[in-house]
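Heads up, the thing below is written out as structure tokens.
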Amino acid sequence: SVLLYQKPNRDICQSGTSLKIQCVADSQVVSMFWYQQFQEQSLMLMATANEGSEATYESGFTKDKFPISRPNLTFSTLTVNNARPGDSSIYFCSSSGTGYAEQFFGPGTRLTVL
Amino acid sequence: GDSVTQTEGPVTVSESESLIINCTYSATSIAYPNLFWYVRYPGEGLQLLLKVITAGQKGSSRGFEATYNKETTSFHLQKASVQESDSAVYYCALGETGFASALTFGSGTKVIPCLP
């Protein structure tokens, strides 16, 4: 399996500011994924991040708003630019280990934008 | 696109009674998706409960089981006797065949066991 750590666990920020969410894996992984979850709703895939290439974004998510970096095989950063109250949600990173069909998830970062 | 529909919660069930959470999927681009149930217990992270990657097979874990039914495109989660410790939110999800991929999730079903 893969253990994923996220930092921070939670954050409160003002509208218009930017914040970074870090995801670290305990082993090298090919793909990392970022999800957004609003209260009591489904997890929505935001983007796929592979080392050495630009992240691939799903419909409704843009790199200007949510730039993602993937500098190496154990690390990824999601930035939320120009944060708005509508961005208040939980953000998860996930990945799978070699030979696993399932995804393993980080604990999530709860963001509140005032 | 792909989608997953599951029982809306919350679902209240008496302890020792049976539980079923319905899950149906639509996989327009995947002939044989991998199917998963994830669970989030209070104060904990999202973790895999069970998975089935072959149509017709059944997965089981912690007293829960689910059968991959390709004909009805369903993957219902069942437990014969619910316990207090089963209080959690359960998510049905699908992924691409054969290799790890991003998942499409249902909206989650909160299960609340109560004293009989």
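The sequence lines fix the lettering, A, B, ..., with proteins before strands; numbering per chain opens at 1. Note that the structure is a prediction, hence the values are computed from the model and not measured.
The contact between A/E40 and chain B is made entirely by backbone atoms, counting heavy-atom distances below 4.5 Å. Only the side chain of A/L45 comes within contact range of chain B, judged by heavy atoms closer than 4.5 Å. Using a 4.5 Å cut-off between heavy atoms, B/L48 touches chain A through its side chain atoms alone. The contact between B/L46 and chain A is made by backbone and side chain atoms together, counting heavy-atom distances below 4.5 Å.
B/K70 forms a cation-pi arrangement with B/Y32, by the criterion of a distance under 6.0 Å to the ring centre and an angle within 45° of the ring axis.
Once rounded to the nearest 0.5 Å, the distance linking CD of A/E102 with CD1 of B/I53 reads 9.0 Å.
Between A/R110 and A/D11 no salt bridge is recorded (no basic side-chain N to carboxylate O distance below 4.0 Å).
Aromatic ring centres of A/F105 and B/Y38: separated by under 6.0 Å.
Counting heavy-atom pairs closer than 4.5 Å to chain A, the top residue among B/G108, B/G106, B/G45 is B/G106.
Atom CD of B/E8 has 12 or fewer neighbouring heavy atoms from other residues, nucleotides or ligands inside a 6.0 Å radius.
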